[in-house]
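Reminder, nothing fancy here: chain letters follow the sequence lines and each chain counts from 1.
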Amino acid sequence: MSSATASTARTVPFSPGRLGIVAGNTFLEAVRQKLFNFLLLLAVALVASAQLFREFNFGSSELKFISDFGFGAMVFFGSTLTIAATAQLFFSEIENRTALTILAKPIWRTEFIFGKFLGVFAVVGVFCALTTLLLLALLYHRETALMTANPDAFENGRMIHYGDLVLMGVLQWLKFGVLAAITLLIASFSNTNLYTVVMGFFVLVICHLQYLARDAYGAVASLPLRLLVQLLGYVFPNFQVFNLADQIGIGEGIDSGIFLRVAGYALIYIAVIGGLAVYSFRNREI
Amino acid sequence: MTHPNPVPAIEITGLTKDFSLNLRGIKLRAVENLTLNIPEGQVFGLLGPNGSGKSTTIKIILGLLEPTVGECKVFGVSSVRVDSRLNVGYLPEAPYFYRYLSGSELVRFYGRICGVPRKRLDERVREVIDWVGLSAAAHRRVGTYSKGMLQRIGLAQALVHDPRLIILDEPTAGVDPVGSAEISELILKLKNQGKTVLITSHLLAQIEDICDRVAILDRGKLILEGAVNELVSMQNRQSLIVDSLPPAELEELRGWLAARGHALTAVEQPRTRLDQLFLSKVSRPQKGGEVK
Ligand SMILES: Nc1ncnc2c1ncn2[C@@H]1O[C@H](COP(=O)(O)OP(=O)(O)O)[C@@H](O)[C@H]1O
Ligand SMILES: [Mg+2]
């Protein structure tokens, strides 16, 4: 042990265990507040729309539609869930004054914030896993039906790379992790749940569209504007990098090197933004 | 009384706390130049009207707020440090807890945060819940608890790691007289176990009976501090209580006193305090609420 000062016989080291307890409790709150009921809604929407496509009878390109549509729904509902759940699970601690009781215990604020993050990340993880599974089941079911109906179109076997779909699910999860960290950072200094949610969506839009700004202004605009766009690109993560392929799970496979690089990109953003959230939360008057 | 531990449980020196109310730098001074020592083993009452800075002081002691000026130590460790909270239990003002947990899940959660060893955790949780009298309701969700039950589960959560110092912010506010008498009893039990208790209240009479010392705050300033006995007793007067004295004999007594140069200042019917009357008349409910 390092040289301890006289008055402190026991110091309190950073504890992953305590962090895990906070995360577990956050997850439990989400479960008991029935945040997952929302999933049911999504499942119904997905199955119903897949049914709808069948009516149109697109043939084999129908699979592409289901896959694109499925991931579109996952991104939309997942982003909403991430922002809403992060803000809700954070502000319920502040508003119910449970944050007072817990932070009056020997716990680091770092453990509290990262515990909250991990709890939300787990909630979103369950969401991503279940939607990906549902999507895989839908696609598999439909592909099998199409194969028997139209064997010629499938002479090289199945068209869908199911493994790639799982990788895409994982990437969406990581992206939601970045979004959760951003929302937590906003929550750490803002006063209301609503403000946090609105700002969260605002940043989400910037993260999704900043590449457009870079493409549009990168070359032509005046220098100050160009610098601003550049700066935006460094400060805000580019959510476009998480869409590895135009046609998800069909056509060219996902390169594992690129997959790992994108995953690393997400983890670095989570660590940095999470660190900023801790810093900002340390100065908050509870 | 001698104190085995020379380090005070709480040592506040020259503490001032300003809240900035807006961005233009307008500030509100919630606590002003407060110096206070609370020795170990006492029940200490921090009194004052609403808004006098009691809760703010407590939050600084717990490291939830940082002082603007001055410092605060708990058992000799600065309260900005995490390890100053190892031996402290805290019941916040008007507490709400995780509504989706049951009483025992809640206490268990805080016990784990405080590092109660897993082997002893279940036993300890049962022990403290029993101690505050909530065994019958331990498996109900905290969201269904009454106000008095919330205070008691709050007390259980504050005690789960067996701290040496317990800080209670208005533990009896909004609780009926029976409930607050029970909370007073629990506090006296803690004192008998040798714990230090810091309790705040704006109802002076209620905690007069349980505190060894009190400090009175007004608009953030300390206006009075001392031992309760010294503060409330009037040293130069006595009262006599006599069974039904006829008027003639009373006159005789007056004369007897006057002959010795004493005046009989007042003759009154002794009255019981209303809260004591109430307590002796109402029945005490089943602990943890009726279970049907
Ligand atoms: N977070 C805060 N921001 C601004 N003012 C505050 C804050 N907390 C407390 N105050 C003010 O500080 C004063 C003292 O409050 P408090 O310590 O809660 O009083 P008490 O507990 O004695 O009723 C009050 O005037 C209150 O309005
Ligand atoms: Mg108060």
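- For residues 102-117 of chain A, the salt bridge (Lys or Arg N to Asp or Glu O under 4.0 Å) pairs, not counting sequence neighbours, are A:Arg18-A:Glu111, A:Glu93-A:Lys116.
- Residues A:Phe77 and A:Thr131 have side chains not in contact (no heavy-atom distance under 4.5 Å, counting atoms from C-beta outward).
- When the candidates B:Tyr90, B:Phe19, B:Phe97, B:Tyr110 are compared by the number of heavy-atom contacts under 4.5 Å with chain A, B:Tyr110 comes out ahead.
- For the residue pair A:Thr101 and B:Gln157, no side-chain donor N or O sits within less than 3.5 Å of a side-chain acceptor on the partner.
- Annotation: A:Phe112 is in aromatic contact with A:Phe281 [ring centroid separation under 6.0 Å].
- Residue B:Ala158 touches chain A through its backbone alone, counting heavy-atom pairs closer than 4.5 Å.
- With respect to B:Glu127 and B:Arg124, a salt bridge is recorded, a charged nitrogen being found less than 4.0 Å from a carboxylate O.
- In this structure, A:Phe121 and A:Trp173 have parallel ring planes: the angle between them is below the 30° cut-off, well short of the 60° mark.
- Each salt bridge (Lys or Arg N to Asp or Glu O under 4.0 Å) pair with one or both residues in residues 275-286 of chain A, not counting sequence neighbours, appears once here: A:Glu285-B:Lys17.
- Residue B:Arg141 touches chain A through its side chain alone, counting heavy-atom pairs closer than 4.5 Å.
- For B:Tyr96, the ring pair (Phe, Tyr, Trp, His ring centres under 6.0 Å) criterion is met by no residue, not counting sequence neighbours.
- Chain A forms the most heavy-atom pairs under 4.5 Å with one residue out of B:Ile113, B:Leu91, B:Val88, and that residue is B:Ile113.
- Residue with the most contacts toward chain B among A:Asn25, A:Ile102, A:Leu28: A:Asn25 (heavy-atom pairs, distance under 4.5 Å).
- No side-chain heavy atom of A:Cys207 sits less than 4.5 Å from a side-chain heavy atom of A:Val178.
- If you measure heavy-atom distances from B:Glu105 to chain A, the contacts under 4.5 Å come from the side chain alone.
- In this structure, the portions of B:Leu101 lying under 4.5 Å from any heavy atom of chain A include both its backbone and its side chain.
- Using a 4.5 Å heavy-atom cut-off against chain A, the contacting residues of residues 54-66 of chain B are B:Lys59, B:Leu62, B:Gly63, B:Leu64, B:Leu65.
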